[in-house]
Each structure stands twice: as C-alpha cells, then as structure tokens.
Amino acid sequence: MNVQDFLISPGEACKRSGPHDKIVLSSRVRLARNLKGAPFPGHAKKAERVKSLDVLLPAVSGLPQLAPKPFAEPLDKLSAQDKQILVERHLISREHAAKGAGSGLVLNAEESFCIMVNEEDHLRMQALRPGLQLKQAWLALDGLDSALQERVEFAFHTQYGYLTACPTNLGTGIRVSAMLHLPGLVLAEQINQIIQAVNKLGLAVRGLYGEGTEALGNIFQVSNQQTLGESESEIVERLNKVLLQVIEHEENARLSQIEKKPKVLLNHIGRAYGILAHAHSISSKETMNLLSLLRLGVDLNLFADLPKALVDELFLLSQPAHLQLRVPDKLDAEQRDSLRADMLRERLRSVQPPDAGKLGAKAE
Amino acid sequence: MQCQVCKKSPATVHLTQIIENQVKKVDLCEACAKEKGVNDPTGFSLADLLLGLGASQKMEEANTATGAEVVCKHCGFTQADFKKSGRLGCSECYHVFADGLDALLKGMHKGTHHRGKVPPSVRKVVNQEARLAKLEAALKAAIAKEDFETAATLRDEIKQAKKALQSA
C-alpha cells in the first residue's frame with residue numbers, strides 16, 4: 001500500500017485539536033529501544049540490519065495498540081517523495097528519511113503512533129498527540145512498549161537501563177517534546193530570555209524540524225536532554241511544568257502587545273494577510289513566517305471566517321514535497337514559489353481581511 | 001591551561017553551566033570554541049559538547065591504561081570508532097567500554113543509575129535482589145542484637161532467595 005493513500009489528508013489532520021492548542025501545536029513522546037545482542041543500526045552491516053528489521057516489523061505491526069491495520073513497510077518500498085512527505089508531517093526524522101533498505105516504518109491509521117525501525121536505534125517509537133498532552137502520550141507509549149516487551153527482548157543493563165547507540169539517550173531512552181508557536185514572545189523580543197531560562201533547566205530548544213534547524217514560523221521545539229537518573233514520569237512532569245510556564249509567558253506577551261503596541265501588531269497581521277492572499281511568488285520561509293502571524297490573528301479573533309485548521313493546513317501544504325504532489329513534473333525552486341503563491345491565493349480568496357476593531361475582544 | 005579539544009593552544013574560553021546544582025566546566029581555545037558553536041546561545045548545550053571531547057577522553061584514559069586498544073568482541077567496535085561517532089556499536093559495548101563510562105554519563109545526565117521503567121524479566125530479578133539485600137541487612141542486625149533464633153530463620157530465607165536468584 002502506498003503511504004500517501006494511507007495518510008490522513010492535511011485538511012482532516014489539521015482539524016484535530018487538543019488542550020492549549022493555540023500555543024502548543026503538538027506533543028510527542030519517543031522511546032529508544034534496541035534488541036539484545038544485535039549490533040546497533042549505525043554499526044551493523046546491511047544483512048544484520050535486515051535481520052533486525054525482519055524481527056521487528058512483524059512484532060511491532062501486530063501489536064493490538066496499532067489495530068486496525070497499521071502501515072508497515074521497509075523504507076526501500078517508499079519513494080524519496082513519500083519520505084519527504086512524512087518528514088513534513090513530522091512523522092519521521094530527516095535522518096530516517098535518508099535511510100533505505102534495512103530500515104522500516106510502522107504507522108497506525110490515527111497517526112497517533114509512529115515507529116521508526118533502524119534509525120539510530122533499532123526502535124524509535126513515538127506517540128503523538130495534538131495540543132499539550134504529554135502525559136497521555138507517555139501513558140499510551142508505555143502501554144505499547146510493555147506489550148512489545150512480551151514479544152521481543154530489549155537490551156537492558158541493571159545500572160544503565162535501556163541501552164542505546166548514543167549514550168545521551170541511555171536509561172529511559174525517553175525524549176519528551178512539544179512544538180510551540182510563540183509569535184508573542186518573538187514580537188516582544190523576549191524569546192531569547194525564555195530560551196536561555198529553559199536551557200538552564202537542562203531542556204533543549206530547537207527549530208521546526210528538530211536538531212540544528214531554524215525556528216521558522218516562530219515554531220520552537222522544547223524537549224528533555226537527560227534520560228538517565230530520573231524516571232519517565234518525572235521527566236514528563238518536569239517538562240509539563242516548564243511548558244505551562246512558557247504558555248503563560250506567551251499569553252502575557254500577546255496581551256501586552258495588544259495593550260502597548262496594537263498598531264504594530266495589526267500592521268504585522270494585516271501585512272501578512274495582504275501578502276499571503278495576493279502574492280504571485282513566495283518562498284517557503286516567508287510563507288511560514290507570515291502564516292505564523294495569520295495564526296496569531298486567528299487566536300486574537302481578528303478573522304471572522306478563517307478557521308485555525310485552515311492556517312495549519314496551509315502551513316503543511318506550503319512545504320516543498322506537499323507542493324510537488326500537485327503537479328507531475330519536478331518543480332524547481334522558482335516554480336515552487338509561484339505554485340505556492342497560487343495555492344495560497346486560491347485558498348484565502350474568500351477570507352475577509354482582519355477586522356482591526358476586534359483586537360482584544362474576547363471570543364464568544 | 002590547555003584547550004580540552006585540540007590540546008595545543010591555551011584555553012581562553014571557559015564555560016560553566018549549572019544544571020540542577022551540578023556544575024559542569026569546559027575550557028577551550030578560541031578557535032575550538034568557535035568551531036563548536038559555543039557563541040550561539042540557542043543551539044548550544046554543554047552536554048553535547050562534552051560528548052565529543054571530555055567524555056571520550058575519559059574513556060580513552062581509563063581504557064588505554066591497560067595498554068592494548070579495547071575492542072568489543074561481540075561487534076568489533078573500537079575506541080576510535082566511539083571517538084569518531086559518539087555512538088557505541090552494540091549492547092555488549094556498554095560492558096566492554098564500562099571503564100570511564102560513568103564519568104561520561106555524569107556530565108551528560110542527572111545521575112548514573114537508571115531509575116525508570118524496567119523490563120518484566122528484569123523486574124523479577126531486581127525484586128529478588130532487593131529482597132535479598134533486605135534479608136541480609138536484617139540478618140546483620142539480628143546478629144548484632146545476639147538474636148540468634150531470628151538470625152537462623154533469616155539465614156535459611158537468604159539461602160532460598162539466593163537459590164531463586166540463580167535459577168532466574
């Protein structure tokens with residue numbers, strides 16, 4: 001089965017909602033696990049990787065948590081475009097997309113579980129939830145992991161816990177993260193303070209696509225860095241607490257912008273609308289930064305007929321691989337910018353401009 | 001003071017990061033600090049940096065003390081491989097390269113002992129070990145109190161617990 005037929009359409013996917021989803025786009029918990037005795041994927045020969053894959057793919061895809069009928073395939077069955085689409089949906093990492101034979105993917109129909117086989121570790125299992133739902137994601141993944149441990153034996157050390165290819169993931173193998181939309185803190189120029197404060201707590205702040213990427217569209221990923229010496233629930237709880245504070249700071253930053261600099265705020269949002277709805281060529285970076293302002297406008301009730309789900313959908317549809325899906329011929333960067341602008345104009349045609357009078361008004 | 005990365009130039013950049021009351025320090029020369037991206041406050045983490053240098057050095061020191069290069073018999077992974085990739089080769093490597101690993105983990109994590117989830121097969125053993133430790137402590141206390149009757153029952157229980165552990 002083709003993975004693109006399996007995936008939920010961008011429009012439907014963006015309609016999912018969760019707690020605090022004005023600011024927290026999604027929550028993710030990941031566990032790293034390895035088979036006992038088998039060499040880690042980075043050091044394994046192809047035959048050895050295929051062997052681990054042959055054990056893990058059926059073991060994982062048969063789990064009741066993933067029913068009914070998950071998508072489970074080796075990566076060599078996927079085209080480069082398929083993999084790029086999965087990266088843009090934040091289902092697999094860029095590193096995983098670069099892999100081929102000997103690696104694999106298991107995804108459930110709800111897209112709430114996505115398991116990468118033979119990425120850096122034999123298993124990188126992820127539970128995904130919209131909004132701030134770290135605890136729920138952890139509990140779901142814990143259940144999946146326990147069920148899988150009845151079928152396969154993982155490498156475990158009484159002192160070091162679950163053994164991983166990189167010592168930075170040792171112990172629990174857990175990475176808890178949330179994707180945050182923080183335009184208020186960026187506009188108020190408080191974002192660096194927040195990042196530094198979060199860093200001091202031993203948490204990492206990264207850009208949109210994880211390690212080493214830019215914070216496009218005012219989107220930041222916050223995650224734990226330490227995995228050993230603390231239990232999973234302690235890590236989840238700690239991150240949750242920090243996130244609630246960041247949410248509060250973002251809300252305050254938005255309020256103070258409304259109060260102190262309403263013109264600046266309206267100017268940003270109005271211009272964003274103007275360009276997105278009328279441009280004939282626009283880069284992906286500019287699109288993301290402007291869509292971020294549009295989303296802020298939606299949060300502030302400036303748009304009467306623009307649902308947040310549409311903004312999120314446009315965010316996804318503006319990505320290179322998603323744009324490429326619309327046409328059969330390979331697009332170059334220039335053609336992509338023009339196609340992106342066409343798509344945005346078309347989808348925003350019936351949306352009325354922001355209503356400045358509504359600024360600060362509470363939603364009904 | 002020498003730079004911890006190149007070990008040639010004098011260290012002029014001194015970094016201190018405090019995570020949960022643990023102080024972590026790195027000394028670098030200017031060129032190495034720049035190369036490691038120390039100037040970028042958003043993308044920088046001392047833990048990542050330590051992984052590349054202090055860590056593998058500590059392991060190297062511990063492991064080369066014996067002279068020969070350490071190789072994992074199970075997967076053929078070497079010290080040099082670790083230095084290059086910062087990753088280990090297989091689960092056995094954690095036993096082979098155990099010396100120096102604690103020092104590396106101390107700089108990276110909150111502790112050096114796993115406190116999270118335990119596989120069901122191991123949980124049984126861990127429980128038994130915990131029970132054994134408790135019994136042994138009780139035995140000591142009983143002997144100290146010259147309560148030999150209790151001590152005798154405890155001794156029998158310990159014998160059984162040890163047997164159960166061996167069979168598991």
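First the proteins, then the strands, lettered A, B, ... as listed; each starts at 1.
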Within the side chain of B/H114, is there an N or O that forms a donor-acceptor pair under 3.5 Å with the backbone of A/G161? no

Would you say B/F82 and A/P167 make side-chain contact, with heavy atoms under 4.5 Å? yes

Is there any residue in residues 50-58 of chain A with a non-hydrogen atom under 4.5 Å from a non-hydrogen atom of chain B, and which ones are they? none

Got B/K117 and A/E232 here, is their nearest side-chain heavy-atom distance under 4.5 Å? yes

Would you list the pairs meeting salt bridge (Lys or Arg N to Asp or Glu O under 4.0 Å) in which at least one residue belongs to residues 142-159 of chain B, sequence neighbours left out? B/R131-B/E157

Side chain from CB out, backbone as N, CA, C, O: work out which of these in A/E120 comes under 4.5 Å of a heavy atom of chain B, or both, or neither. side chain

B/D81: partners by side-chain contact (heavy atoms from CB on, under 4.5 Å), with sequence neighbours left out: A/H43, B/F77, B/T78

Are there over 12 heavy-atom neighbours, none belonging to B/Q160, within less than 6.0 Å of that residue's CD? no

Is there side-chain contact between B/M108 and A/Q226, with at least one heavy-atom pair below 4.5 Å? no

Answer yes or no: is there a side-chain heavy-atom contact under 4.5 Å between A/Y162 and B/V118? no

Before we go on, tell me: are the rings of B/H95 and A/H157 under 6.0 Å apart, centre to centre? yes

Closer than 4.0 angstrom, basic N to acidic O: yes or no for A/E230 and B/K110? yes

Just jot down the side chain to side chain donor-acceptor pair (under 3.5 Å) partners of B/T153, sequence neighbours excluded, or say none. none

Are the side chains of B/D102 and A/Y160 in touch, meaning some heavy atoms are under 4.5 Å apart? yes

Supply the atom-to-atom distance B/S91 OG to A/F40 CZ, rounded to the nearest 0.5 angstrom. 5.5 Å

Bottom line for B/H113: the part with an atom under 4.5 Å from chain A's heavy atoms is both

